[in-house]
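To start, the structure itself, in structure tokens.
Just follow the structure's listing: the first ligand is 1, and inside any ligand the first atom is 1.
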Amino acid sequence: MGGYILAIDQGTTSSRAIIFDGQQQIAGASHKEFKQYFPKSGWVEHDPEEIWQTVLSTVEDAIAKAGIKAGDLSAIGITNQRETVVVWDRKTGNPIHNAIVWQDRRTASYCDRLKKQGLEKTFTRKTGLLLDPYFSGTKLNWLLTNIDRAQARAAKGELCFGTIDTFLIWRLTGGKSFVTDATNASRTLLYNIAENAWDDELLKILKVPRAMLPEVKDCAADFGVTDTALFGAAIPILGVAGDQQAATIGQACFKPGMLKSTYGTGCFALLNTGKDMVRSKNRLLTTIAYKLDGETTYALEGSIFVAGAAVQWLRDGLKVIKAAPDTGTLAASADPTQDVYLVPAFTGLGAPHWDPDARGAIFGMTRNTGPAEFARAALEAVCYQTRDLLEAMHKDWRSNGKETVLRVDGGMVASDWTMQRLSDLLDAPVDRPVILETTALGVAWLAGSRAGVWPKQEDFAKSWARDRRFEPAMDEKTRKAKFKGWRNAVKRTLS
Ligand SMILES: Nc1ncnc2c1ncn2[C@@H]1O[C@H](COP(=O)(O)OP(=O)(O)O)[C@@H](O)[C@H]1O
Ligand SMILES: O=P(O)(O)OC[C@H](O)CO
């Protein structure tokens, strides 16, 4: 036995554990949703203990389903929802508050104050990010300011800050490892992506004591060993990356100009820009795609906050569908003469607008508008937003005529209707891979290659296989008219 790699994919709405065998095939998988907390308008929290329990139970379940023992695992890779902040007590390991989730907008006015002080340029130059509540830094400031004695305790080194990867590694190693990787660090507003180090000036502005920060490692590195009391074996953790970066790796987007877009709760498009730290003139992010053997590869990123979340809203809020896959069928039956647009700014708008105060809106409803038109509008909104991102990317990045085909993954790409509409509205082909668990696959590759049991980068890239290519089939006039309607709807939604 050997070559088995466990990938822990801790996402926004669920935790997954997937075991890959030595041939990079899925040998066992488990998945568990957990509760979302919305304490106030625009606030989103998770209970770190629920996250931990779902990780433990899915790992045990995946091991059982794969029919192996924990000792058969060569390594673990961890990938995670990014930016979400946990602060815990260094002695007890207990969180001092719920995790503040990436979607949470509670620090919008603080971001505005920082912008008014003219600080956005400093943050963007050093971190590649913008002053938006999306990122970890202002959320961490909120915890330090609002939780009793947190600031003083953090300064004394009594508290630890982490994104979800760091929190999980801390727990998995029995508090022995306090580490993160460069991709997760690059989403905090505290990390200088050119120097690859926590940045003292930014720490001072956001009043974050250095004593509470983890050590930052490459994506394939020694992150610690699991406590034997947990799974009955000491398993090395050898790969870590934020989920969008892990998907970029899993999609084998290793060459500059390669591009992937992941459709989960939100949608995130990453374009590999190689060693170039491309500075966007169109409000995209510059971020770390991965750091391997001390070398940093950068990406341009477009982030949309609501993608599959709109499908969840159709299911749980409007109750017009029973399950996510019903959306495509319903959308296909929509009246083509009704131009209904949904701008799903439930938690503000991300790239390229960055408007945290915008809220969702529907335009073009008539007396005949029903669930089918809502479903189509929700799915099309994801496609229009992807086009907004790709247009911005094309302005920032010269492809020199070497266009690569967009590779897609995430829960939503199971919908053929959505992928066809995406290709139609982009007027470009879209490739869906055979393995849709690209996030888990990417981090499994980081861990497996570090363990020496998985192929090197080039051979891994060759193993990427396409399930289906969607080609555009919409006429230009319709596409133009639809996109014009979308742009107009967005304009009317901005705050
Ligand atoms: N067939 C489908 N059609 C449309 N949306 C879908 C479909 N299957 C799943 N989804 C949506 O995809 C999302 C889940 O994707 P996933 O990649 O698991 O997300 P995350 O990692 O953010 O939790 C959910 O929001 C769900 O509503
Ligand atoms: O959990 P996902 O897949 O929606 O990803 C969340 C992103 O990492 C947020 O930046």
Contact check, R315 vs ligand 1, heavy-atom distance below 4.0 Å: no
G328 heavy atom under 4.0 Å from ligand 1: no
Side-chain donor or acceptor of [X] paired with backbone N/O of [Y] under 3.5 Å:
| X | Y | value |
| --- | --- | --- |
| D357 | S495 | no |
| E50 | K35 | yes |
| T273 | Y298 | yes |

Would you mind checking which non-hydrogen protein atom is closest to [atom], with the distance to 0.1 Å?
| atom | result |
| --- | --- |
| atom 19 (O) of ligand 1 | G264 CA, 3.4 Å |
| atom 24 (C) of ligand 1 | Q312 NE2, 3.8 Å |
| atom 5 (N) of ligand 1 | M412 CG, 3.5 Å |
| atom 21 (O) of ligand 1 | R16 NH1, 4.1 Å |
| atom 1 (N) of ligand 1 | P325 CA, 3.4 Å |
| atom 23 (O) of ligand 1 | T13 OG1, 2.6 Å |
| atom 14 (C) of ligand 1 | G411 CA, 4.1 Å |

Candidate with minimal heavy-atom separation from atom 7 (C) of ligand 1, of G266, A307, A324: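 Shortest heavy-atom distance from atom 7 (C) of ligand 1: A324.
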Find all atoms of ligand 1 within a distance of less than 4.0 Å from any non-hydrogen atom belonging to [X], and give their numbers and elements.
| X | answer |
| --- | --- |
| S415 | 3 (N) |
| A309 | 25 (O) |
| G308 | 25 (O), 27 (O) |

With nothing but distance in play, are any N or O atoms of [X] less than 3.5 Å from an N or O of ligand 1?
| X | answer |
| --- | --- |
| Y263 | no |
| V311 | no |
| T265 | yes |
| G11 | no |

Close aromatic pair by centroid cut-off 6.0 Å: H46 and W102: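 For H46 and W102, the ring centres are not under 6.0 Å apart.
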Are side-chain N/O atoms of [X] and [Y] paired as donor and acceptor at under 3.5 Å?
| X | Y | answer |
| --- | --- | --- |
| S30 | T58 | no |
| W170 | S177 | no |
| D218 | Y290 | no |

Test side-chain contact (heavy atoms from CB on, under 4.5 Å) applied to K395 - qualifying residues, sequence neighbours left out: N282
Counting only pairs under 3.5 Å, give me each side-chain donor-acceptor contact of residues 405-415, with atom names and distances, residues two or more places apart or in other chains.
| residue | atom | partner | partner atom | Å |
| --- | --- | --- | --- | --- |
| R407 | NH1 | Q251 | O | 2.6 |
| D409 | OD1 | T262 | OG1 | 2.7 |
| D409 | OD1 | T438 | OG1 | 3.2 |
| D409 | OD2 | Q251 | NE2 | 2.7 |
| D409 | OD2 | T262 | OG1 | 3.4 |
| D409 | OD2 | T438 | OG1 | 3.3 |
| S415 | OG | T418 | N | 3.1 |
| S415 | OG | T418 | OG1 | 2.6 |

N/O to N/O under 3.5 Å, ligand 2 against protein:
| residue | atom | partner | partner atom | Å |
| --- | --- | --- | --- | --- |
| ligand 2 | 1 (O) | T12 | N | 2.9 |
| ligand 2 | 1 (O) | T12 | OG1 | 2.5 |
| ligand 2 | 1 (O) | D243 | OD2 | 3.3 |
| ligand 2 | 3 (O) | D243 | OD2 | 3.2 |
| ligand 2 | 4 (O) | T12 | OG1 | 3.2 |
| ligand 2 | 5 (O) | D243 | OD2 | 2.8 |
| ligand 2 | 5 (O) | Q244 | NE2 | 3.3 |
| ligand 2 | 8 (O) | R82 | N | 3.0 |
| ligand 2 | 8 (O) | R82 | NE | 3.1 |
| ligand 2 | 8 (O) | D243 | OD1 | 2.6 |
| ligand 2 | 8 (O) | D243 | OD2 | 3.4 |
| ligand 2 | 10 (O) | R82 | NE | 3.2 |
| ligand 2 | 10 (O) | R82 | NH2 | 3.0 |
| ligand 2 | 10 (O) | E83 | OE1 | 2.6 |
| ligand 2 | 10 (O) | E83 | OE2 | 3.3 |
| ligand 2 | 10 (O) | Y134 | OH | 2.7 |

Ring-face cation contact, F268 with R82, 6.0 Å cut, 45° max: yes
F346 six-ring centre to R359 NZ/CZ under 6.0 Å and within 45° of normal: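 Judged by the rule (NZ or CZ under 6.0 Å from the ring centre, within 45° of its axis), R359 is not positioned above F346.
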For residues 422-429, which side-chain N or O atoms pair as donor and acceptor with protein atoms under 3.5 Å away, sequence neighbours left out?
| residue | atom | partner | partner atom | Å |
| --- | --- | --- | --- | --- |
| S423 | OG | A428 | O | 2.9 |
| S423 | OG | F470 | O | 3.2 |
| D424 | OD1 | Q420 | NE2 | 3.0 |
| D424 | OD1 | A473 | N | 2.7 |
| D424 | OD1 | M474 | N | 3.4 |
| D427 | OD1 | R479 | NH2 | 3.3 |

Separation between CD1 of I18 and CD1 of I26, rounded to the nearest 0.5 Å: 5.0 Å
R171 bridged to E49 by N-O distance under 4.0 Å: yes
